[in-house]
Each structure stands twice: as C-alpha cells, then as structure tokens.
Amino acid sequence: MVHNYIVKSRQKHPLHFTLLDPGKMGPDNLVELATQTAEAGTDGFMIGGSTDLSLEKVDAAVDAIKDITHLPVILFPTHASSVSGRADAIFFMSLLNSESRQFLIGEQIASARWVKKTGLEPLSMAYLVVAPGMAAGKVGQAQPLPRDDPNLVVSHALAGQYLGMNYIYLEAGSGASAPVPAEIVKAVRDEIEVLLIVGGGIRSPEEASAAVKAGADIIVTGTLVETSNKLKEEMSQLIEIIHSG
Ligand code: 1GP
C-alpha cells in the first residue's frame, strides 16, 4: 500500500517526490529523468500535468517508469480521461478553491468507478492553489489563495482534513517564480494533523529546506527535474537536504 509506504518513510525523514509530465516529454526522456532522480534518492514519482493528456501517453509513462524502479508511481491527474489503471495509486483530489464543480467533484465522479475497477489506491487529497497558481490555477478555475492570508489557507486545509482527506497539497503552480511562503506552510502545519505536501516553484536546496523546516512532509519538484543540466548532482543535493529534515 502506497499510503503505508509514505507514512512509514515519513517516520524516518521528510520525503521528496518527482513530478513528471508525459505531455512535456517523450518516453525516452522520461525514463532518463526518472532513472537519474531515482539514483539521486527521490522517494516516489507523480505523473501528471495541467495540459490535456491522453490515456495512452500516461499508460506509456507509467509502464516506462515502473520498468526502471520499484518506487511508487502515483497519478496526479487533471481529468478523469487520463487516469491510468497501471499506476500504483492516485491522488484522488478535490481542488477546494476552484470555482468550478468540475474540479471540486465532477472529475472525481467521472473516474470513481474506473479507480475501483482497476484497483488503483486512492490517496484522498485536498488540493489548494496558492497565488500565483500558474496553469494549475487557470485550468482548475481556481481563485488562487492570497500569499499574505495564512488564515484563509488554514481554513481551507482544515476543511479538507474534516472532510476526511489524508493529504493537504499547497500548490504555488508549476514554474511559479516563488514557492508557497514559509509562513503559510507553517500556519497550516500548526493546525492540521494530516500529511502536508508542498510544491510549485521549488528550485534550490534552500527553498526546499525552508519548506521542510516550516513543516512540509513531502516536497514536490517538476520544473527543476525538467530543466537541470546537472540533474543527478542537483537532485542529490536537494533530496539530501530534504531527507536531513
Ligand atoms: C506542480 O508543484 C508541482 O504541480 C511542481 O512545481 O514544476 O515548479 O517544481 P514545479
């Protein structure tokens, strides 16, 4: 079970997940990036993106990654149509600050029976888009949560926890110029008991360390993995600092 793996691993140290977007790269590139980040010590892979992804592309990406690693492969979907039954688990998430029913509960209803049929492990998650929000905010029709209003973010996170969600994801958006502010991460950490994931705009060991020190359980990086020229070296440094807490 992926949830058990995450809980057990977290007892040892904070975790790093690598986000790979099959809409941005071909299978060969994807395998190369997955191999190097696995060697650098990442704790799991998330597959997804804000663009329209075909099921074939996601299936191929999951297969390719599972060929080279035993680390968990978790779907991070935007639409029900790209939910691959070949992954280990799915972040079964609701974008709590979306203004659209589609992203609050519509895509989830559309995929629920498929998740059951394929045996994907659902990891219940509240997805909160913090400004700037980037493509995730636009596609998800979110009103991004202001960066200077920790109380409002805490209210959303608590609502997610009280609805039974086991994970809260604070998302600044892929490629954001700055990560979610540490004050927000800390404010949420202080109030919730469930696992806290932070991503969007984290590119340096210092930024990752600040998020961990503020209380993140899992740090997600995508853009850094896609753009680094010294991937293994840079990822090793970043992951080491995350693992050291
Ligand atoms: C996006 O939080 C993730 O969903 C990763 O963001 O691409 O900025 O690392 P980056």
Side-chain angles (χ1 to χ4, degrees), residues 6 14-25 29-30 33-34 36-37 40 42-53 58 61 73-79 82 87 89-98 103 107 123 125-142 144-145 147 153 156-157 167-182 184-185 188 195-212 214 216-229 231 234-235 237-239 241-242:
I6 292 173
L15 308 180
H16 173 267
F17 281 179
T18 299
L19 174 65
L20 296 172
D21 182 348
K24 289 191 191 163
M25 61 190 96
N29 197 3
L30 203 111
L33 300 187
Q36 292 200 36
T37 46
T42 194
D43 299 290
F45 290 96
M46 290 164 54
I47 306 296
S50 299
T51 47
D52 254 333
L53 282 172
V58 181
V73 177
I74 306 170
L75 300 180
F76 184 51
T78 304
H79 296 106
S82 61
I90 174 171
F91 277 127
F92 203 83
M93 59 205 213
S94 177
L95 204 178
L96 293 190
N97 58 314
S98 175
F103 295 102
E107 296 289 345
L123 306 171
M125 181 165 90
Y127 189 49
L128 307 181
V129 173
V130 176
M134 313 302 283
K138 288 195 189 84
V139 172
Q141 298 173 48
L145 294 162
R147 298 173 67 83
V153 185
H156 282 71
Y167 298 82
I168 307 291
Y169 193 132
L170 299 178
E171 169 75 275
S174 184
S177 53
V180 173
I184 290 188
V185 177
V188 171
L195 288 156
L196 181 57
I197 307 176
V198 178
I202 296 176
R203 290 187 193 81
S204 67
E206 293 73 26
E207 286 167 331
S209 172
V212 164
D217 295 302
I218 303 171
I219 301 292
V220 180
T221 61
T223 302
L224 178 65
V225 179
E226 289 161 15
T227 56
S228 174
N229 297 322
L231 183 59
E234 274 197 90
M235 292 313 293
Q237 285 170 3
L238 184 111
I239 293 167
I241 209 158
I242 292 169

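When a ligand or atom number is given, it counts from 1 through the structure's own listing order.
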Parallel, tilted or perpendicular: rings of Phe91 and Phe76 (30°, 60°): perpendicular
Measuring from each atom of ligand 1, which residues have a heavy atom under 4.0 Å away? Leu19, Phe76, Tyr169, Glu171, Gly173, Ser174, Gly175, Gly199, Gly200, Gly201, Thr221, Gly222, Thr223
Sequence neighbours excluded, which residues qualify as side-chain hydrogen bond (donor to acceptor under 3.5 Å, both in side chains) partners of Asp217? Arg10, Arg189
Which residue pairs satisfy the side-chain hydrogen bond (donor to acceptor under 3.5 Å, both in side chains) criterion with at least one member in residues 171-181, sequence neighbours excluded? Tyr127-Glu171, Ser174-Thr223
Can you name the residues that form a salt bridge (Lys or Arg N to Asp or Glu O under 4.0 Å) with Glu226, not counting sequence neighbours? Lys24
Backbone N/O of Val129 and side chain of Asn97: donor-acceptor pair under 3.5 Å: yes
Taking the side chain as everything from C-beta on, heavy atoms only, tell me whether Ile239 gets closer than 4.5 Å to Thr42. yes
